[in-house]
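What you see is a predicted model; the values in this text were computed from it and never measured. Just so we're on the same page: letters track the sequence lines, and every chain starts at 1.
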Amino acid sequence: MQRTLIKDANARTEPLDAILLQGWVRTRRDAKAFSFIELNDGSTLKGIQVVADATLPDYAHIQKAHTGASIEVRGKLVPSQGQGQKWEVVAASFTILGEADATYPLQKKGHTLEFLREIAHLRPRSNLFGAVFRVRSRLAFAVHQFFQAKHFCYVHTPIVTASDAEGAGDMFRVTTLDVGKPPRDEHGEVDSTKDFFGKKTFLTVSGQLEAEIFATALSNVYTFGPTFRAENSNTSRHAAEFWMIEPEMAFCDLYGDMELAEEFVKYLIRDAKEHCAADLEFFSKFVDKELMARLDFVLDKKFVRCSYTEAVEILTQSGKAWEHPVAWGSNLQAEHERFLTEEHFKCPVTLYNYPRAIKAFYMRKTDGCAPDRQTVAAMDLLVPGIGEIIGGSQREERLTELREGMALHHLDEKAYWWYLDLRRYGTVPHAGFGLGFERMLMFVTGVSNIRDVIPFARTPGTADF
RNA sequence: UGCCCGGUAGCUCAGUGGCAGAGCAGGUGACUGUUAAUCACUUGGUCGCUGGUUCGAUCCCAGCCCGGGCAGCCA
């Protein structure tokens with residue numbers, strides 16, 4: 001007999017004389033003459049109730065069907081006599097496939113997220129993490145749907161890279177050299193020409209520069225893959241390994257970039273609401289009561305666009321006592337961004353045109369900006385509660401200005417010869433952004449720690465499982 | 001990396017300078033339909049580690065380890 005997923009069993013409109021279910025016991029409630037078993041197979045949040053009568057041949061074994069055990073049940077799907085569920089399964093036979101004794105750490109009681117993090121091999125069996133990872137899977141699919149429908153080409157950019165100054169942060173070194181006894185050159189320095197790739201290599205911090213190569217050939221492209229930052233960040237919004245989505249569009253300026261970013265965020269929220277309704281309901285009940293209101297709010301509102309210079313004026317005139325001073329030319333701090341999105345505009349905000357000196361070398365110098373207030377076509381999309389969820393820019397497509405930017409950031413042109421070639425041969429205006437997939441998940445689920453929306457979190461000092 | 005908070009039973013937590021506590025989980029029994037079932041009884045401890053103060057430290061002090069929050073870096 002073919003197995004029925006509990007998701008499908010729950011959704012039936014007609015009873016079934018014969019059904020086979022397989023899953024894990026969430027809880028068992030015994031009475032004198034029968035037991036109730038709540039069975040879950042991860043296909044959906046809500047489990048199914050199995051009724052096991054004491055007259056079953058193996059009924060004595062049911063005492064071993066503790067929380068966590070894997071079992072197989074054959075029986076009938078019938079309307080439930082009890083409250084709280086439409087269907088239940090009256091068992092004709094059951095088999096315990098794998099027992100779980102009293103040491104099984106997950107209880108039917110609530111656990112703290114901190115405890116569950118320590119048992120990352122078992123936490124997907126909890127309601128919360130089952131829901132989180134179903135939403136994660138759905139949204140990953142939605143990312144592809146969004147771009148494929150727009151005829152963007154999916155590009156697999158390399159994980160191992162030799163450019164050591166992409167400018168997005170500290171990098172993890174990749175080497176096969178014996179770190180205890182590395183080969184050394186005549187100056188006593190580690191000789192990287194003896195390394196696997198014949199040069200220093202690292203894990204990627206961004207696929208953007210390679211995505212630009214493909215955008216200047218296939219027009220509209222996107223990447224979606226793991227990204228690594230070796231920063232010693234200990235916050236609820238940072239991980240050393242995370243997934244990022246980076247679209248890159250040829251013949252596109254900053255405004256087209258902001259347009260796409262805003263549409264993309266709304267699309268993902270709408271998709272989760274449509275396809276993960278039960279899981280989102282769970283989050284809004286147990287994780288964040290304001291969740292639904294906030295998601296609807298973002299869907300309904302048109303995102304505010306505000307230039308960096310305007311933002312500085314708003315912050316200066318707010319009369320607030322800032323912990324970090326506000327001054328044109330310095331970075332906006334978390335408290336400033338929070339004020340703008342949560343208090344001043346009360347709305348998602350796209351900030352754009354940042355001072356050139358505090359942004360990356362590849363961002364396009366704004367036409368006609370004052371010499372003492374040079375800006376670049378950068379943008380950050382801020383949402384209430386999380387802060388920055390997207391960072392992007394129009395890229396500098398003019399060779400002279402790009403070289404100027406590299407000089408400003410003290411970069412060696414030789415290392416970027418191919419990047420400069422893109423400006424030498426058929427250059428076009430182009431733009432793109434990066435969306436932190438986990439940050440998007442945090443926003444959609446209301447889960448407030450990035451470690452809880454990624455299956456196995458890598459953070460400073462932690463790389464278990 | 002800096003500042004702040006925490007570490008007591010499998011889990012969530014209370015507590016005290018003088019024999020270590022509760023709820024849940026586990027075990028035993030009861031219960032004719034439960035929904036984190038209920039009721040009774042019950043097993044269970046390196047009080048994070050090391051050192052110091054003290055007649056005596058889980059408690060006070062120092063260092064270390066681990067976890068969390070906030071900030072910076074960013075997505």
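Salt-bridge annotation for A/E263 and A/K150: present, with a side-chain N of the basic residue lying under 4.0 Å from a carboxylate O of the acidic one. Between A/R138 and A/D271 there is a salt bridge, since at least one side-chain N of the basic residue sits less than 4.0 Å from a carboxylate O of the acidic one. A salt bridge between A/D253 and A/R364 is absent, with no side-chain N of the basic residue lying under 4.0 Å from a carboxylate O of the acidic one. Comment: A/R395 engages A/E248 in a salt bridge, judged by a side-chain N to carboxylate O separation of less than 4.0 angstrom. Under 4.0 Å is where a charged nitrogen must lie from a carboxylate oxygen, and between A/R305 and A/E262 at least one such pair does.
Across all strands, A/E114 comes closer than 4.0 Å only to sugar-phosphate atoms, never to a base (heavy-atom distances). A/R338 comes within 4.0 angstrom of sugar-phosphate atoms only, judged by non-hydrogen atoms across all strands, and of no base. Contacts of A/T227 with the nucleic acid, taken as non-hydrogen atoms under 4.0 Å apart, are absent. Counting any heavy atom pair closer than 4.0 Å across all strands shown, A/A334 reaches sugar-phosphate atoms only and no base atom. At the heavy-atom level, A/I390 lies under 4.0 Å from the strands shown only through sugar-phosphate atoms. Among the protein residues, A/E323 comes within range of no part of the nucleic acid, since none of its heavy atoms lies under 4.0 Å from any strand. Here A/L106 lies out of heavy-atom contact (under 4.0 Å) with every strand. Using a 4.0 Å heavy-atom cutoff across all strands shown, A/A31 reaches at least one base atom of the nucleic acid. No engagement by A/E246 is indicated, since no non-hydrogen atom pair under 4.0 Å with the nucleic acid exists. Residue contacts shown for A/T27 are limited to sugar-phosphate atoms, with no base heavy atom under 4.0 Å away. Residue contacts shown for A/E118 are absent, as no nucleic acid heavy atom lies under 4.0 Å away. As judged by a 4.0 angstrom heavy-atom cut-off over every strand, A/G434 is placed among residues touching the sugar-phosphate backbone only.
By the 5.5 Å and 30° criteria, A/F242 is stacked with the base of B/rA75.
Atoms CD1 (A/I37) and P (B/rG33) sit 17 Å apart, rounded to a whole Å. The nearest whole Å value for the distance from the CZ atom in A/R229 to the C1' atom in B/rG72 is 15 Å. The CD atom of A/E335 sits 12 Å away from the C1' atom of B/rG72 (whole-angstrom rounding). Taking atom CZ on A/R125 and atom P on B/rC11, their separation rounds to 18 Å, with Å as the unit. Note: CD1 (A/I386) to P (B/rC74) measures 18 Å, nearest angstrom. When the C1' atom of B/rU35 is taken as reference, atom CZ of A/R28 falls 15 Å away, rounded to whole Å. The OH-P distance, from A/Y354 to B/rC74, rounds to 11 Å in whole Å. Taking atom CZ on A/F36 and atom P on B/rA36, their separation rounds to 13 Å, with Å as the unit.
When side chains are defined from C-beta on, A/N353 does not count as touching A/T309, because their heavy atoms never get closer than 4.5 Å. Side-chain atoms of A/L21 and A/I6, non-hydrogen and from C-beta on, do get closer than 4.5 Å to each other.
Contacts with RNA chain B (heavy atom under 4.0 Å) in residues 446-456 of chain A: A/N449, A/I450, A/R451, listed by number.
Annotated as anti: B/rC59, whose O4'-C1'-N torsion sits more than 90° from 0.
Taking only side-chain nitrogens and oxygens, A/S236 comes nearer than 4.0 Å to OP1 or OP2 of B/rC70. In this structure, A/H111 does not reach the B/rC13 phosphate: none of its side-chain N or O atoms is under 4.0 Å from OP1 or OP2. Between A/Q333 and B/rG72 there is a side-chain N or O to OP1 or OP2 distance below 4.0 Å. Look at A/S80 and you won't find any side-chain N or O under 4.0 angstrom from OP1 or OP2 of B/rU35. A sub-4.0 Å separation between OP1 or OP2 of B/rG68 and a side-chain N or O of A/R117 is present. Phosphate contact (OP1/OP2 of B/rU34, side-chain N/O of A/R29, threshold under 4.0 Å): absent.
Taking the C1' atoms as reference points, B/rC24 lies 15 Å from B/rA14, given to the whole Å. With C1' as the reference atom, B/rC55 and B/rA40 are 44 Å apart, rounded to whole Å.
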Test log, rule ring pair (Phe, Tyr, Trp, His ring centres under 6.0 Å), inputs A/F147 and A/F224: CA-CA 11 Å; A/F147 287 115; A/F224 184 8; 9.1 Å; no

Stepwise ring pair (Phe, Tyr, Trp, His ring centres under 6.0 Å) test for A/Y154 and A/Y222: CA-CA 5 Å; A/Y154 178 32; A/Y222 68 106; 5.1 Å; yes

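Below the 3.5 angstrom threshold, one finds no donor paired with an acceptor across the side chain of A/D30 and the base of B/rU34. For B/rC74, its base sits under 3.5 Å from the side chain of A/R439 at one donor and acceptor pair at least. A donor-acceptor contact under 3.5 Å links the side chain of A/Q85 to the base of B/rU34.
Ring geometry for A/F433 against A/F264 counts as tilted: the plane angle lies between 30° and 60°, on a 0 to 90° scale. Below 30°, between 30° and 60°, or above 60°: for A/F34 and A/F36 the angle between ring planes is above 60°, a perpendicular geometry.
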Pairing pattern in dot-bracket form [Watson-Crick, G-U; both distances under 3.5 Å; | = partner strand] for RNA chain B: (((((((..((((....[..)))).(((((.......))))).....(((((..]....))))))))))))....

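Taking A/Y308 as the reference, A/W328, A/Y354 meet the ring-ring contact (aromatic ring centres under 6.0 Å, His included) condition, with sequence neighbours excluded.
Side-chain proximity of A/Q81 to B/rC74, B/rG33, B/rG27: nearest is B/rG33.
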